[in-house]
Amino acid sequence: MTPRTGRHFLQIPGPTNVPDQVLRAMSAPVIDHRGPEFRALTLRLLEALGPVFGTSGPVVIYPASGTGAWEAALVNTLSPGDRVLSFETGHFSTLWREMAGSLGLETGTDFVPGDWRHGADPEALAERLAADTRHEIKAVCVVHNETSTGVTSRIPEIRRVMDETGHPALLLVDTISSLGSIDYRHDEWGVDVTVAGSQKGLMLPPGLSFNAVSDKALAAHRTSRLPKVFWDWLPVIEANKQGSFPYTPATNLLYGLEEAVSMLREEGLPNVFARHARHAAATRAAVRGWGLEVLCLDEREHSGSLTAVVMPEGHDADKLRKIILERFDMSLGAGLGRLAGRVFRIGHLGHLGDLTLAGTLAGVQMGLELAGVPVESGGLGAALERLRGE
Ligand SMILES: Cc1ncc(COP(=O)(O)O)c(C=O)c1O
């Protein structure tokens, strides 16, 4: 095989490209996680993390992938048999619901059906909550950005509906592919538990995940009866006060986290969100210029972090991805679950500049042509015009 030159283009919607300065920060020697240097790092980190979540409350860090933080959100707040309402927005909302069922929560009738092309429906939520006059639904779970579809749910509207119906359920939100790339505000939007992961907008390798926790969620913890040991918030929150953890933390990932958070702060979160929105708009311009269809159907819900593209009938998205990988050394996201082979996903989140996006879209355009997909040639040009124009 001819040796590769240049960098691999990792344009899946996470894990994302890790900036060199984050890699360098992580390459520092491992230190004593009970020593003064590490304690100081933990205290600095916890302070710096709050603004990224938009919270002044506790943020619990786990040495685990996002799936662990999903489980933590449920076991810390709920009891066996509690009803949990969720929305069929795509692959990840479906998996989170299945997890809730496996943990002994009641999910049977409380799954709002969806077509995987729209976000969580506030009107459907209003109806379901109004019908639950005995307040048996204990939590509403929403995936903010459905990584499988490129659709971003409107969390403030979900919150508004919950407030208007006066329903006391907790609001649990998965921001695994939105935190640090799409506007998100834990406190202001009245979210009770925010679930996040390190490997997407936070520009780190996989391996850390998070729960931001409201006072109401902490109160729910006191009465919740699902078993929890490793995932229990309280020992972590207690130990964190002294700058330590109740287990061996992922020292070097935490070095990287401090660097990544400082990069976000330096750019300024509003600028980070605007950059992602702009890259997403340029990507949609490319897709439309090729004469293809974006999977997301609601203009208000286009994701800033990825775009899922529908393949024309009779063309296989995985064949296209294989050609692009072999010819141009670029990885694109596969269609997940029921979308397998029918869509491909362009990740445009994390550490990304205009020319990385332009290169990505050039690779997609050439791949489409090589795969014999009937496309118009104006996609890349339309994207460049967007990038140049704003
Ligand atoms: C929205 C969303 N939720 C949950 C997960 C699961 O996280 P992990 O694979 O880190 O366990 C992912 C992974 O991509 C995701 O995108």
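Note that ligands are numbered from 1 as they come in the structure, with each ligand's atoms numbered from 1 the same way.
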Centroid-centroid distance, H167 to H135, less than 6.0 Å:
yes

So for Q199, does at least one of its heavy atoms come nearer than 4.0 angstrom to any atom of ligand 1?
yes

H144 to ligand 1, any heavy atom closer than 4.0 Å:
no

Which atoms of ligand 1 are found less than 4.0 Å from any heavy atom of S65?
8 (P), 10 (O), 11 (O)

Find all atoms of ligand 1 within a distance of less than 4.0 Å from any non-hydrogen atom belonging to V143, and give their numbers and elements.
1 (C)

Under the side chain to side chain contact (heavy atoms under 4.5 Å, CB included) rule, what do L125 and L85 come out as? Steps first, then yes or no, please.
CA-CA 9 Å; L125 178 63; L85 185 147; 3.7 Å; yes

Taking [atom] as the reference point, the nearest protein heavy atom with its distance:
atom                    : value
atom 6 (C) of ligand 1  : T67 OG1, 3.7 Å
atom 1 (C) of ligand 1  : T147 OG1, 3.1 Å
atom 14 (O) of ligand 1 : K200 NZ, 2.8 Å
atom 13 (C) of ligand 1 : F92 CE2, 3.5 Å

Is there a polar contact between ligand 1 and [X], counting only N or O atoms under 3.5 Å apart?
X    : value
D174 : yes
G66  : yes
N145 : no

Hey, what do you get for NE2 (H315) to CG (L320), rounding to the nearest 0.5 Å?
10.5 Å

In Å, rounded to the nearest 0.5 Å, how long is the span from CH2 of W290 to CD of E369?
9.5 Å

Assess whether a salt bridge exists between R160 and D163, defined as any Lys/Arg side-chain N lying under 4.0 Å from an Asp/Glu carboxylate O.
no

Regarding R117 and D115, does a basic nitrogen lie under 4.0 Å from an acidic carboxylate oxygen?
no

Strictly by modelled atom types, are W96 and D174 linked by a side-chain donor-acceptor pair under 3.5 Å?
no

Below 4.0 Å, non-hydrogen atoms only: which portion of W96 touches ligand 1? Side chain, backbone, both or neither.
neither

Pairwise side-chain contact, V151 with L295, heavy-atom cut-off 4.5 Å (strictly under)
no

